[in-house]
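See below for the structure under consideration.
Just so you know, ligand 1 is whichever comes first in the structure, and atom 1 is the first atom listed for that ligand.
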Amino acid sequence: MSQIAQNLKNVQEKIAQTLRQCGRDGEHITLVAVTKTHPVELIDEALRLGITHIAENKVQEAERKIPLLSAPYEAFHFIGRLQTNKINKLLSLNPALVQSVGSLYLAQELNRSLGRKNLTQDILVQINTTAEETKSGVDLDNAEDMIWQIASLSSLRIRGLMTMGVMSLDPEKTRPFFRQLFALKEKLESQNIPGVSWEHLSMGMSGDFEVALQEGANMLRLGSVIFGQRNYG
Ligand SMILES: *Cc1c(COP(=O)(O)O)cnc(C)c1O
């Protein structure tokens, strides 16, 4: 078995086991393979092994790699900081989900570009649960207001929330933030905001996906546990 095949098998077993342990047996979890820095050949291999969702965090890198993929995929997700001058390039890659909409300004610019093309776009609102300055996303305190404003933009369809945990070897440090995101989702759900659904709760990366599942995630963004360490050189 190849390294990626082995990694995928391990991850899928861990996901199933964690779901069983927290009483979510058999629930559907969307596994998004984060392919940033990894070559097209490895991505193709993962796709042939059953991966259907892939994600990149840089428009230029996605633009270069996606046309070279030979295996089909179901959905391309964008998960990185989106500069407004790259919006049109991103849209030309047909992202199924833009997970990293974390400011009203970006939402408005995205909405404007989509409107011109007569397109709509599924998005997640990125919440900076940990309130770290280096991270994108709206703070928990301002999230509700911003979400109501984004919900009124006609070309954007909010489909859930995304967050990143704290950089720590101890995933327990992130648990409270995942819990807060889940609580925010519950609160928003009860507000019945027109045109919005809360189907995706995207939290959990290689170091903290088990905790994320325990706290209610249904979308995981996994890079290194599938593809190995990233080499930024
Ligand atoms: C890189 C990245 C991931 C995946 O990180 P791993 O720790 O390798 O699983 C997930 N989400 C975002 C937004 C990322 O940039």
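Applying the ring-ring contact (aromatic ring centres under 6.0 Å, His included) test to every pair with at least one member in residues 195-214, sequence neighbours left out, gives no pairs at all.
Under the 4.0 Å criterion applied to side-chain N and carboxylate O atoms, K36 and E61 are not assigned as salt-bridge partners. The pair E45-R48 fails the salt-bridge criterion, with no side-chain N (NZ, NE, NH1 or NH2) lying under 4.0 Å from an Asp/Glu carboxylate O.
For K58, there are no side-chain hydrogen bond (donor to acceptor under 3.5 Å, both in side chains) partners, not counting sequence neighbours. For N7, the side-chain contact (heavy atoms from CB on, under 4.5 Å) partners two or more places apart in sequence, or in a different chain, are Q3.
The residues lining ligand 1, counting any heavy atom closer than 4.0 Å, are V34, K36, I79, M164, M205, S206, R221, L222, G223, S224, R230.
The only option from T163, L201, T129, L161 that meets the side-chain contact (heavy atoms from CB on, under 4.5 Å) definition with L184 turns out to be L161.
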